[in-house]
Amino acid sequence: MNGDYRPTPQDKFSFGLWTVGNPGRDPFGGPTRPSIPPHRLVRLLGEEGAYGVNFHDNDLIPIDATPRERARILTDFRQAMADYNVCVPMATTNLFSEPVFKDGAFTSHDADVRAYALQKTMRAIDLGVELGARVYVFWGGREGAEVDAAKDASEAIKRMRECLNFLIGYVKDNGYDLKFALEAKPNEPRGDIYFATTGAMLAFTYTLDDPEMVGVNPELAHEHMAGLNFYHAVAQAWEAGKLFHIDLNDQKPNRFDQDLRFGSEGLKAAFFLVKFLEDVGYSGPRHFDAHAYRTEDEEGVRDFAAGCMRTYLILKEKARRFAEDPEIREILAELRERGSLVPAADLRNYTPETARNILDAPLDRHRLARRKLRHERLDQLTVDLLLGVR
Ligand code: GCO
Ligand code: MN
Ligand code: MN
């Protein structure tokens with residue numbers, strides 16, 4: 001670990017064009033800083049030490065671009081990728097900005113709208129693959145409802161499945177080396193969005209034609225909007241072999257989607273997340289789906305991007321110290337290796353004999369309840385470590 005926490009491409013940090021390119025617009029006011037064209041964003045990211053840039057089709061190519069404009073944008077973009085050593089690990093489709101998607105894309109009642117969403121996505125997949133993407137994200141921003149009388153939620157789920165199965169077919173037929181990562185969000189822009197949590201998305205993946213090809217893209221802000229524990233959601237996705245991508249940012253709980261700089265709000269939650277990713281050896285991109293405060297100019301956008309990566313690297317170093325801390329190790333060893341009244345192997349495997357062993361074991365609930373856990377001490381050691389006094 002370098003002492004100054006400077007990111008390198010080996011750290012696999014990525015940003016979306018829509019993140020560093022966000023001009024500070026919000027529902028109550030217009031942009032506060034000029035838009036930066038894609039090739040200049042690639043330069044900014046390369047200079048700050050990121051390895052990857054991700055995009056929605058229309059972040060890169062405006063929806064009404066002429067073939068000539070498209071070609072010029074792509075030439076400049078590729079040139080910047082080569083000049084600044086930045087790759088495209090992930091791509092996605094904008095299925096939320098255009099009025100045609102006002103009542104959903106893949107879940108729309110209107111078969112023509114669904115066909116348009118498929119057409120737009122197939123073209124966007126071609127573009128993403130052409131630029132090197134290996135992961136394709138599906139975030140169904142408009143796949144929800146305000147008026148439940150208007151839509152049968154189970155029908156919507158079936159339509160979503162049909163469209164994803166169609167696209168699985170498309171990817172395979174073209175021989176693309178591409179995996180899908182489904183991103184959940186509880187609400188915003190819809191009053192309610194279907195598949196509100198990462199857990200709901202995970203369950204849905206197993207109902208698709210090729211579950212192996214489909215995983216999840218959990219986002220910190222989205223789980224925290226729902227008041228949930230992001231690290232737990234990520235751990236479940238990892239344990240299922242379905243953590244194909246991750247959206248890192250920050251968020252005050254139970255509010256609108258803030259997409260704040262990583263680590264700017266909940267340092268402890270960010271710490272346990274980084275510790276988990278590093279401990280298990282997650283090797284995918286660390287993607288920051290966040291944007292600079294509306295108060296910032298281009299220099300502030302650089303501060304924002306550098307801050308996301310710096311905080312990640314500091315927390316990674318803290319995770320290393322956590323693992324090496326003698327007192328933390330001692331408490332964890334005590335906590336994790338307990339229980340001797342029944343062989344632990346018996347608990348993993350039902351047989352008539354193991355059942356008999358457990359039924360006969362002298363398990364006294366009062367004695368078991370008296371065992372010390374030392375959580376107060378362990379948590380304070382973690383806090384001391386994070387506050388830099390340990
Ligand atoms: C949000 C979402 C989006 C998606 C992105 C990729 O902030 O509401 O996270 O940023 O991740 O559109 O499809
Ligand atoms: Mn978000
Ligand atoms: Mn996201």
Side-chain angles (χ1 to χ4, degrees), residues 14-27 52-60 63 88-98 101 104-106 117 120-121 124-125 127-128 133 135-144 160 163-164 167 178-198 201 214-226 228 230 233-234 237 243-262 264-266 269-270 273 284-294 304 308:
S14 64
F15 290 81
L17 287 179
W18 71 95
T19 66
V20 278
N22 181 304
R25 190 184 292 112
D26 74 11
V53 62
N54 308 311
F55 57 84
H56 303 86
D57 48 355
N58 305 133
D59 299 338
L60 185 59
I63 195 157
V88 171
M90 175 274 259
T92 182
T93 327
N94 183 326
L95 296 174
F96 43 88
S97 293
E98 289 292 314
F101 300 127
F106 298 150
K120 193 171 192 293
T121 304
I125 287 176
L127 175 67
V135 175
Y136 205 82
V137 163
F138 290 86
W139 171 64
R142 298 280 174 196
E143 315 292 13
M160 183 84 174
C163 287
L164 285 172
L167 294 165
L178 193 68
K179 290 194 162 201
F180 289 176
L182 312 186
E183 178 177 343
K185 185 172 181 180
N187 57 275
E188 198 191 338
R190 298 313 296 267
D192 290 288
I193 299 180
Y194 303 124
F195 312 100
T197 63
T198 298
M201 277 302 188
V214 189
V216 291
N217 177 38
E219 173 169 322
L220 188 150
H222 299 176
E223 301 297 313
H224 285 204
M225 283 168 74
L228 301 176
F230 183 59
V234 169
L243 186 65
F244 289 1
H245 199 265
I246 191 162
D247 277 4
L248 302 174
N249 50 19
D250 219 331
Q251 170 78 28
K252 289 182 195 279
N254 306 105
R255 300 198 183 181
F256 69 95
D257 186 30
Q258 296 176 307
D259 291 334
L260 299 168
R261 188 181 76 256
F262 181 63
S264 61
E265 268 306 315
L273 192 260
R286 276 86 171 146
H287 175 237
F288 298 104
D289 188 6
H291 45 76
Y293 303 127
R294 196 161 178 270
F304 149 80
C308 287

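All values derive from a computational prediction rather than experimental measurement. Atoms within a ligand are numbered from 1 in the order they appear, just like the ligands themselves.
With His287, His222, Glu183 as candidates, the residue nearest to atom 4 (C) of ligand 1 on a non-hydrogen basis is Glu183.
Asn249 and Asp259 share a donor-acceptor pair across their side chains, judged by distance under 3.5 Å alone. Between Glu223 and Thr197, the side chains place no donor N or O within less than 3.5 Å of an acceptor N or O (distance only, hydrogens not considered).
Atom CZ of Phe180 and atom CG of Leu164 lie 7.0 Å apart (nearest 0.5 Å). Put simply, NE2 on His222 and OG1 on Thr198 are 9.5 Å apart, with the number rounded to the nearest 0.5 Å.
Contacts between Phe138 and ligand 1, counted as non-hydrogen atom pairs separated by less than 4.0 Å, are absent for every part of the residue. With a 4.0 Å heavy-atom cut-off, ligand 1 is reached by the side chain of Asp259 but not by its N, CA, C or O. Contacts of Glu219 with ligand 1, taken as heavy-atom pairs under 4.0 Å, involve the side chain alone.
Closest to atom 1 (C) of ligand 1 among all protein heavy atoms lies Asp257 OD2, 3.3 Å. What sits closest to atom 3 (C) of ligand 1 on the protein, heavy atoms only, is Asp289 OD2, 3.5 Å.
For ligand 1 and His56, the ligand atoms under 4.0 Å from any heavy atom of the residue are 5 (C), 6 (C), 12 (O), 13 (O). Within the listing of ligand 1, atoms 1 (C), 8 (O) sit less than 4.0 angstrom from a heavy atom of Lys185. The ligand atoms of ligand 1 that sit less than 4.0 angstrom from a heavy atom of Thr92 are 6 (C), 13 (O).
Of all the N, O or S atoms in Glu219, the one closest to the Mn ion (ligand 2) is OE2. Restricting Asp247 to its N/O/S atoms, the shortest distance to the Mn ion (ligand 3) is reached by OD2. Taking the N/O/S atoms of His222 in turn, the shortest distance to the Mn ion (ligand 2) belongs to NE2. With respect to the Mn ion (ligand 2), Asp259 has OD1 as its nearest N, O or S atom.
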Just do the ring-ring contact (aromatic ring centres under 6.0 Å, His included) check on His56 and Phe96 with the steps written out, would you?
CA-CA 11 Å; His56 303 86; Phe96 43 88; 5.3 Å; yes
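A side-chain contact (heavy atoms from CB on, under 4.5 Å) with Phe138 is found for one member of Asn217, Val214, Leu95, Thr121 and no other, namely Thr121. Residue Trp18 forms a side chain to side chain donor-acceptor pair (under 3.5 Å) with just one option from Asp289, Asp59, Asn54, and that option is Asp289.
Using a 4.0 Å cut-off between charged nitrogen and carboxylate oxygen, Arg261 and Asp250 do not count as a salt-bridge pair.
Rounded to 10°, the angle that OD2 of Asp289 and OE2 of Glu183 form at the Mn ion (ligand 3) is 160°.
Judged by distance alone, the side chain of Glu143 and the main-chain N or O of Phe106 form a donor-acceptor pair under 3.5 Å.
Two rings, from Phe15 and Phe288, have their centers less than 6.0 Å apart.
Note: an N/O pair closer than 3.5 Å links Asp247 and ligand 1 by distance alone.
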